[in-house]
Amino acid sequence: DETMKEAPAASPQDLSQYFKQFLFPQNECELHNFRLSFSQLQWDKWILAPHRYSPQYCKGDCPRVAGHRYGSPVHTMVQNIIYEKLDPSVPRPSCVPAEYSPLSVLTVEPDGSIVYKEYEDMIATRCTCR
Amino acid sequence: PHSRGGVASDKPSGFLGAPEDPTSDFNPLLWLPKGMRRGYALLPPLLKVLSERGQQNWGSDVPRLQPDSRALRYMKRLYKMSATKEGIPKDNRSHLYNTVRLFTPCSECQHHHGGLGKGDVHSVDLLFNLDRVTALEHLLKSVLLYSFDTSAPVSSPFSCTCHLSVKEHDSSGQVCPSVSHSVAFSLHLQVRKRKWVEIDVTSFLQPLIATHRRNIHMAVNVTCLVGDPQHSTELGQPVSMALLPPSLLLYLNDTSEQAYHRWDSLRHRRKNPGRPRQRTSPLGVPTGDKGMETPQAQRASRQRR
């Protein structure tokens, strides 16, 4: 109630924005899209396929209680407690990939032979706080 | 990064435009554990880009021999069959390989005997250099890849016999055919169509590739006659067509940590559909009894859950 008395009379639209910050903290840890083409790295001479590659990446703040939503282990909360109560030189948990998917690549080798290869862990598909 | 039960060679890959002195500690390849240095096409250039901080010309233009255009066409078609447009491997159960290498014979050592691929007999000496195959890549299948281009449409089918013999160099350097192998196949070429023919030579080459032979020298004779042995007793006239030297295709299972192991992820998905995949131990299976739950323990943990 106190906040309501202090808060200026706001339109319903602002109110929903106002309350949203309590429901979903801003720039929370989540997966972000990133797409590159091998020609930008001038590698298209020897990487024949795929032409575009979306490795994705994880970015955002890890909430203090990073519960099941991130599939974070209990260790994450312990690390937070250490940072807050015991030793601030211990870093807070970071937003990192938890799962990946593979990528198939067709390349030309220096001897002119051609190789099709499937690489593990080339595209981030899920983030976690660790 | 651990190799799964293989012994990786410690020769840094020639692939990277690495600094002249490969032993210099600025050579990004040396940052990699030995198992990762050779043959993983993508890793060295990625490291080179990261080590050349700030430089714009990232292209790792290692001098490269130009690949054969027909071979390129075939491999692009294989890529389309094996992966989606975004490059995600298709979950095709029958396709156990995670690596396919295509080698074209080194041109200076092709010796044609008899007609230049005209008329009914086509025989050629071929030398394949398999330097790019790593110690962690295990052979699943090997084929000789012929592309048949018929200039004039061939109305009726014809049948071919392919005779292979591997040439060993004895101590005095004298070449003597040691192992030979014959394969018969029949071809039904539609009008004006290029036809790829894969001649399975797995059993023939397995012993050589399993011993990590770097060069394979073989003589190949192909004889084609009009007619199809299944449907007619006498075979007709020789077929006149252009027969270019074949490529060697190796379907391999790369057992290194960087390669994608579909049966790993299939098994993982069956067991824990919702949980992130735990990296299996370098040996691929838990060792000893400490890694395996006894049936009683499994039952107890199931009841607890």
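Quick caveat: nothing in here was measured; it's all calculated off a predicted structure. All values below come from the heavy atoms of this structure, side chains included, with hydrogens, waters and symmetry mates left out. Below, chain A is the first sequence line, B the second, and so on; all start at residue 1.
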Contact part of [X] toward chain A, heavy-atom cut-off under 4.5 Å: side chain, backbone, both or neither?
X: B/Ser247; value: neither
X: B/Leu78; value: side chain
X: B/Lys76; value: both

Classify the side-chain pair A/Ser104/B/Tyr260 by whether it contains a donor and acceptor separated by less than 3.5 Å. no

Can you tell me if A/Gln56 and A/Asn33 form a side-chain donor-acceptor pair at under 3.5 Å? yes

Side chain, backbone, both or neither: which part of A/Leu106 has an atom under 4.5 Å from a heavy atom of chain B?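 Both parts, backbone and side chain.
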
If you measure from the SG of A/Cys127 to the SG of A/Cys58, is it under 2.5 Å? yes

Any side-chain to backbone donor/acceptor pair from A/His51 onto B/Lys85? Under 3.5 Å, distance only.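 No; zero donor-acceptor contacts below 3.5 Å.
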
